[in-house]
Number of protein chains: 2
Amino acid sequence: MKLLHTGANGAAGQNRENTRQHNLSLIMNLLYKGGTLSRSHLTSATGLNRSTISDLVTELEELGIVSHTEAAFSGSVGRPSLTVSPSDDVVAFAVNPEIDATTVSVVTLGGKILSKRRVATQSSPAAHDAAKIAGELIKELAKELPTSSRIAGVGLAVPGQIRIDDGVVRLAPRLNWVEAPLAAMIRQHTGLPVWVDNDATVSCMAERNFGSGRGASHCVYLFAGSGGIGGGVVVSDIQLRGAAGYGSELGHIKIFDSNRIDFSGLPGTLEAMVKRDDLLEVFKMFGATDEELDLEISDTTDSKAIKVIHQQLDDLGRGIGVLATIFNPEFVILEGFLDSIFKFDRERLIKAVRASSLNSAHDGLVIRSGELGSNAVLIGAAGLAFAPLLQNPSGTELFAQSKVAKA
Amino acid sequence: MKLLHTGANGAAGQNRENTRQHNLSLIMNLLYKGGTLSRSHLTSATGLNRSTISDLVTELEELGIVSHTEAAFSGSVGRPSLTVSPSDDVVAFAVNPEIDATTVSVVTLGGKILSKRRVATQSSPAAHDAAKIAGELIKELAKELPTSSRIAGVGLAVPGQIRIDDGVVRLAPRLNWVEAPLAAMIRQHTGLPVWVDNDATVSCMAERNFGSGRGASHCVYLFAGSGGIGGGVVVSDIQLRGAAGYGSELGHIKIFDSNRIDFSGLPGTLEAMVKRDDLLEVFKMFGATDEELDLEISDTTDSKAIKVIHQQLDDLGRGIGVLATIFNPEFVILEGFLDSIFKFDRERLIKAVRASSLNSAHDGLVIRSGELGSNAVLIGAAGLAFAPLLQNPSGTELFAQSKVAKA
DNA sequence: TTTATTTGTTGCCTGTGACAACAATAAGAT
DNA sequence: ATCTTATTGTTGTCACAGGCAACAAATAAA
């Protein structure tokens, strides 16, 4: 594979080859985010000539990564335009290791989840155990794929801090992992290329591309589960990762004077104040699922519970206020029990945000529930594996189902 | 002028014309940031062919925006490479209205400040007064320019929230301006194109391009003067502005439980806790300049003063910790009295940052003083006017000195 | 049916960068 | 001093990607 030449500033000169690649990539990105699109839409969206679009789409079809459907009924005058879609034969494996289970899923380039398999683990599994489980599941799922399938690779979403360059999990406090070379492990099990990133980060991208954040250039995503609060941010259409890849840890911003600590031991952070366990405690429903908790919250009339929820809404609002002041996003998207308490009293949260941010920052702000739910993390993880293909459609290798290493 | 066609996602197809523009722009950006560079350096930095660089540089010379110096002595084997620099004939006016004065400066494309003029105003001037003062100064300075000068336009750095699209100052609390169409006013006075942005935002860019943040892809800038704390952020080489342009208001993040309010009336924000006035109070030196205050801080042995400084360092450290957790930047750059207290006790600030951020976020972090001082805001403001030229060197109009409207 | 409108296809053209060959200019070896 | 090696600038030629115009195809409206 030929590497893109990059200069001192990461800037690359544009030659003829790059031009072609750029335009192929542009079309693939439009199709990835937009699903089925007409060729005439691609023409106007890219500003390229009809004949050029025709040429580019033909190349993408020959590469087998887009497929054409017949002319769509448009209702308007003129010859109906042909439509193209990302090929459902192109798939990726999405892996999400959690404290109580590891999930593997097959996701198509079009964003559909073809299959999902979840293996519960007793306690938080060691990294090599999780890798082994993931490897087994991938091999199982690969066997069930049609032979026409072409595999982009494996995307991992891990609740922790990831060194993206080599896919090493630097620290995942909830899983008790330190410096775990997870990408290498799964690559060994499967023979497929593997990419790793933070779970909230990839979920954010999924909601931005396919969910509540569609079309936003700036959005903030807050996800909360049993292991604390994770965050993802999109700024000017690109994911915020930070210089070393450890940015957007929105749960760990210290914005309260409290001594309560979070799962990383930091006091007064958003994660320390807005705790799922506090809700479980007041409802006496330890070990409940997110769905059960959500139901309990929406139905509660218990004054003690309401007091806890109100306090959490106020604290969450302060956190969102801080983030709005910093990022001035179009959307703040909430997932997990953060979304549950938001739905319990939207006005209270909005009021709290208003009280802790500048007018200019919260004026155009919309707070929303995530659309994709637990699928966000899988779709986002698969997106990691699709990224090289979207960036360089003609120069990225795909793998046959039969190539996945045998068990 | 032909507009660049942009699609639904702001994505543009790449045609031949764009390729040329992209490469010209790339070279101009390298020269803008790097000053004098050899052609062979440009070749390796861009990955383009020698002959292509030759062609591109020739075009830029014919446009009169770069000039070639003679072959530089390199000391190494082989024919010495010719060097090129941004032309010092290309200039922009930088304007910075403040509460007590309005400053106008002439800045070259190479980042040199040719002249600077400051007019003190009694109290905070009305927007149209400031615009008039700026207009007069620009016309004066234009007369003194050599006739070979070619003017890119006027860049304004304003301490407030700016709607960038039309250059309207939405709110500048320190100046008491609301919805002031400053760009239009100065355009009328001078006949030159005008761009406006927040003062801290442009200073951040200046430090990133020419100062302490050189080469950083992610950096956070905190500036503090008599009017509070302003902030700027660079993420993945681009300036954080937010969806509507009101982002990166780092002084107004509410991260303390205190009731002390800032200049915008928000309680518990960074600006509310780390106040210049508290230092002036303890030193009994009301109305002191930044330089005087800096000297006083560095020499103080007064225990009450030290206590105030320590408290401010602790609070500032918490703010930087929050920002480090969010952005994971390479540098945090401090300017104004924030830099003064940092120099007083660096270790204490660093310790406070460590206490309020994740290890991964502060491990590679470097906290630095700004290099450019009060010039940062001027160089940054001029950068606003240079931006179109850097983005499209062959399609951007420059103005003769004689074209500036007569008084 | 006819007309207007839009889209896909084809062949040709143009502009841009790559490439190779040669000249120019330096340091080091002889 | 001369030759060798290394690097860079210049020039002419070439290849390739996208634009463009003309024509065919497919629809709605007249």
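Naming: A, B, ... by sequence-line order, numbering from 1 per chain.
In this structure, B:I53 atom CD1 and D:dT11 atom P are separated by 17 Å, rounded to whole Å. Atom CD of A:Q21 is separated from atom P of C:dG17 by 17 Å (rounded to the nearest Å). The distance from atom CD of B:E59 to atom P of C:dG15 is 13 Å, rounded to the nearest whole Å. Rounded to whole angstrom, the span from the CG atom of A:L48 across to the P atom of C:dG8 amounts to 14 Å. Remark: P of C:dG8 and NE2 of A:H41 are 13 Å apart, rounded to the nearest angstrom. Between the NE2 atom of B:H22 and the P atom of C:dG17 there is a distance of 10 Å, given to the nearest Å. One atom, CG of B:L26, and another, P of C:dT16, lie 16 Å apart when rounded to the nearest Å. The distance between atom CG of A:N18 and atom C1' of C:dG15, rounded to the nearest whole Å, is 17 Å.
Among residues two or more places apart in sequence or in another chain, the salt bridge (Lys or Arg N to Asp or Glu O under 4.0 Å) test is passed with B:E59 by B:R20. Shown here are the ring pair (Phe, Tyr, Trp, His ring centres under 6.0 Å) partners of B:F210, two or more places apart in sequence or in another chain: B:Y32.
Heavy-atom minimum distance, B:C204 versus B:V234: SG-CG2, 3.8 Å.
For A:T43 and C:dT7, the shortest distance from a side-chain N or O to OP1 or OP2 is not below 4.0 Å. Within the structure, every side-chain polar atom (N or O) of A:S54 is placed at least 4.0 Å from both OP1 and OP2 of C:dG8. Between A:N23 and D:dA17 there is no side-chain N or O to OP1 or OP2 distance below 4.0 Å. Considering only side-chain N and O atoms, A:R20 lies nowhere under 4.0 angstrom from the phosphate OP1 or OP2 of D:dC16. Look at A:T19 and you won't find any side-chain N or O under 4.0 angstrom from OP1 or OP2 of C:dT16.
The closest side-chain donor-acceptor pair between A:T83 and A:T69 falls under 3.5 angstrom. Side-chain contact check for A:Q21 and A:S394: no donor-acceptor pair (N or O, by modelled atom type) lies under 3.5 Å.
Residue B:R39 has its side chain nearest to D:dT10 when only D:dT10, C:dT9, D:dT8 are considered. Candidate nucleotides D:dG9, C:dG17, D:dG18 were compared by shortest atom distance to the side chain of B:L82, and D:dG9 ranks first.
Proximity of A:L26 to A:L56: side-chain heavy atoms (C-beta onward) are nowhere separated by under 4.5 Å.
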Generate the contact string for nucleotides 20-30 of chain D. Rules: B means base contact, S means sugar-phosphate contact only, - means no protein heavy atom under 4.0 Å. B-B-BBBBS--
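Counting only distance, with no hydrogens or angles, the side chain of B:S40 and the backbone of B:S81 share no donor-acceptor pair below 3.5 Å.
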